[in-house]
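Some notes on the structure that comes next.
Note on naming: letters A, B, ... go to the chains in the order of the sequence lines (proteins, then strands), and numbering restarts at 1 for each one. Heavy-atom basis, side chains included; hydrogens, waters and symmetry copies ignored.
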Amino acid sequence: MLKKFSEAVAKNEYYKLWFKDAWPYITGAVLLSIFQIVTMAVSGNPWGVSTAFANWGAWILQALGVSVEKWYFFSSEGALAVLDRGLLQDPASMRNIGVIFGALFSVLIASGFKIKKIKTKKQVVAAILGGTLMGYGARIAFGCNIGAFFSGISVLSLSGWVFAIFIFLGAIVGSKLLVKYFM
Amino acid sequence: MKEVTLDCLGEACPVPLVKAQKALEDLAIGDVLIVSIDHSCAMKNVPEWAREAGHNVEIEEVDDGEWEVVIEKAK
């Protein structure tokens with residue numbers, strides 16, 4: 001009975017269209033734009049991703065007894081207020097958690113969930129190095145490709161376009177390095 | 001007619017695409033390249049590139065989150 005049902009679902013054209021197959025880029029673009037508008041309207045701030053991770057790090061350190069309040073990055077009034085309110089009162093953190101669960105839901109319903117094996121030590125080095133550079137870069141640039149690039153351009157800020165030009169140049173250099181050292 | 005399997009399991013974009021492009025260069029017309037992938041964005045860009053380049057492409061879902069992109073070199 002259950003097997004018959006799941007077989008019928010797997011063959012259903014709407015299941016394939018909505019859940020199984022990847023959506024076209026244009027659908028994603030339109031949805032992201034709508035979510036950006038909703039985010040701006042509801043939380044009063046444009047969409048950002050990586051700032052929340054810096055706050056997660058700060059909360060972990062605070063829990064371990066480290067005082068981060070005097071660090072330059074967290075010392076502004078706004079940043080301190082976010083830290084004081086905590087995770088549950090931070091829209092950016094809630095949104096990131098939602099993204100993680102939403103991504104999990106989308107792969108589960110497409111029956112595409114898989115725990116991938118680590119193939120080489122090179123992957124570990126590249127992941128740690130890449131993650132560190134991205135995290136560091138996003139903080140000193142006051143945003144990542146969402147907060148600085150997508151949100152910047154969507155609110156007609158020149159900084160978004162500057163970010164776009166240099167992320168494009170960086171991606172060219174990065175892919176050359178990738179092919180040279182990683183293939 | 002040769003059949004070559006390229007194991008790209010556990011590799012993220014754009015590594016599977018670059019590896020597939022390189023591997024196909026060494027094959028003759030009519031040969032088949034099977035790319036094993038478990039990265040869903042490679043599921044989009046590998047077939048897209050191969051079709052655009054004019055090859056015959058088929059995708060097989062081997063397991064949950066695991067696919068084989070079968071590319072027959074057409075030119």
Discussion item. Nearest 0.5 Å, please: how far is SG in B:C8 from NZ in A:K119?
Written reply: 6.0 Å
Practice prompt. May I ask you to check whether over 12 heavy atoms, not counting those of A:I26, lie within 6.0 Å of atom CD1?
Written response: no
Worksheet entry | B:V18 reachable from B:I37 in the ILVMFWY side-chain graph, under 4.5 Å edges | no
Worksheet item: Are A:V66 and A:L87 co-members of a hydrophobic cluster defined by side-chain heavy atoms under 4.5 Å apart?
Response: yes
Practice prompt. Could you tell me which residues in residues 163-177 of chain A have at least one non-hydrogen atom under 4.5 Å from a non-hydrogen atom of chain B, sorted by residue number?
Written response: none
Worksheet item: chain A heavy atoms under 4.5 Å from B:E11: which part of the residue, side chain, backbone, both or neither?
Response: both
Discussion item. With a 4.5 angstrom heavy-atom cut-off, is it the side chain or the backbone of A:K122 that approaches chain B, or both, or neither?
Written reply: neither
Worksheet item: Would you find more than 12 non-hydrogen atoms of other residues, nucleotides or ligands less than 6.0 Å from A:I118 atom CD1?
Response: no
Practice prompt. Check whether more than 12 heavy atoms from other residues, nucleotides or ligands sit under 6.0 Å from atom CE of A:M94, and answer yes or no.
Written response: yes
Fill in: B:L9 side chain near A:K117 side chain, heavy-atom distance below 4.5 Å
yes
Item to complete: Give a yes or no on whether A:W56 atom CH2 has more than 12 heavy-atom contacts from other residues, nucleotides or ligands under 6.0 Å away.
Response: yes
Worksheet entry | Backbone of B:G10 reached by a side-chain donor or acceptor of A:Q123 within 3.5 Å | yes
Worksheet item: If you measure from CG on B:D64 to CG on A:L108, what distance do you get to the nearest 0.5 Å?
Response: 9.5 Å
Worksheet item: Counting heavy atoms not belonging to B:E58, are there more than 12 under 6.0 Å from its CD?
Response: no
Worksheet entry | Interatomic distance, A:K114 atom NZ to B:D38 atom CG [nearest 0.5 angstrom] | 3.5 Å
Worksheet entry | Heavy-atom proximity to chain A below 4.5 Å, by part of B:K44 | side chain
Worksheet entry | For B:K22 against A:V179, the heavy-atom pair lying closest together | NZ-CG1, 4.3 Å
Item to complete: Please check if atom CD in A:E7 has more than 12 non-hydrogen atoms from other residues, nucleotides or ligands closer than 6.0 Å.
Response: yes
